[in-house]
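Okay, structure first, notes after.
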Amino acid sequence: MATAKLLLAERDGTRRENLTSIKWAWFDQTDPQSFTAPTDTGSAETTDALAEIEITLTGTSLTAGQYGCLALSTSNDVDLGLYRLRVY
Amino acid sequence: MSVYKIDYRHPYTKGLKFLRAGSYRELVYDRDPHTIGSTGLVPTNKGLAVDYNSTNPDEYDDLAFSGATAVTVYALIYFDSLTTDGSDENRIIQRVVTDGTQGGVDFVLDVDPNKAYFGVLGQEAGNMEALSNTIIATGRWYMFTGRWQSGELVSIWLDGVDDTSALTTTPVSGAMSTGSREIWIGGRSDGADDVDGRIAFIAAYDNWHEDHQIYSLAKNPWQIFAPQRFYVPVYPYDATVIEAEAPAGPTLTITLVDEAGTTLPNLTGLSWAWFDESTVSTMTAPTAQGTGETTDGSGVLEIDITGTTLGATDTGILTLRDSTGYIYALYRVTLT
């Protein structure tokens, strides 16, 4: 089990705090050409008052310090994005 | 997270100011001897940078690095001249092991003798050193970044790009020396090896910044001065779901744009995966994927998604990464 954490912000610095029902998928690869099926998915994550999101990954094979990719979208599918992240 | 900054752009600041925890509201230290125009700080005709004229380096109390197991240091610096004899080191910032002496340092960022150098040399951490590939020139601005954490190699970055020629090839685990130490900026603690140039800002963090964060701060250094809580955007570029349309068929033709709608021409080395699902939480294995793709001069990408089962009016997801690794994007594509 590992944890992926990030702080969601726009490029202009605007934080995305208190988002709810965030949809997500975690890939154990960092290169889309190598993507297999996501190891973890969900649709009920939130960002806190500081715009931080913390996702527990139960299906990943990665260990602390290794990198994967997190796909995120808002509940209406039209925002957020794809992030390369290191797990903790 | 703790952060030190030099910043006298803040309207209430007349001299150098150290901030902690990234907030003006959490100001804990304001060095009083220096005001603009005082000895050793001569901004005058050199803009908003602090001028270090090979004398009068600045010394500050250490606030965050006792026992720290990681450090990321940024300096936006312009050298008027460089000493390159190998013994004078143009020291930009260092944390000394023993206050008031120059004998040992926990970390140091400098130019030594003619390349950017970052070393983590505290006794508890062991010695780790990195030198840039690039020879540093006078008369231009650079964003220097040095980074280390326990168990990782040190690295030196120029303008957001890793430029490390490792002098140490085996990671060392450890920590900064414990206790409050002095931080020196613009020179060595004995007054030697001082910078002749200008420093616009220095920020030193007692944690590890990811590659893309270093890139982001180099490209957008204003983020150092972001009000309220300090943050570094997790990803600097195009980490946005972008709605798009494309004709159905084995060839997907799509114009890549960023979230502002600006086309992205001449991207190279694109790695991609196509998913037949329309929402990220239901994604399964990709039905098509590839690498080495490019966008043309108009930002148009053509890829073969023969494996898809989707047809007209269906929506799938295209994930992309460019060859630099700095651009990740997720397009939600409706086939027409």
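None of the values given here were measured: they were computed from a predicted structure. Every chain is numbered from 1 and lettered A, B, ... according to where its sequence line falls, protein lines coming before strand lines.
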Looking at [X] and [Y], what are the two nearest heavy atoms and their distance?
X	Y	answer
B/Ala329	A/Leu82	O-CD2, 3.7 Å
A/Gln33	B/Gln289	O-NE2, 2.9 Å
B/Leu320	A/Pro32	C-CG, 3.9 Å
B/Val280	A/Ala25	O-CB, 3.2 Å
B/Thr319	A/Phe35	OG1-CE1, 3.6 Å
A/Ala37	B/Pro286	N-CD, 4.4 Å

Nearest 0.5 Å, what's the [atom1]-[atom2] distance between [X] and [Y]?
X	Y	atom1	atom2	answer
B/Arg332	A/Ser73	CZ	OG	8.0 Å
B/Ser281	A/Asp40	OG	CG	13.0 Å
A/Asp77	B/Thr315	CG	OG1	9.5 Å

Contacting moiety of B/Gln149, where chain A heavy atoms sit under 4.5 Å = side chain

Tell me, for B/Trp274 versus chain A, whether the close heavy atoms (under 4.5 Å) come from the side chain, the backbone, both or neither.
-> neither

Would you mind checking which part of A/Thr30 comes under 4.5 Å of any heavy atom in chain B, side chain (CB onward), backbone (N, CA, C, O), both or neither?
-> both

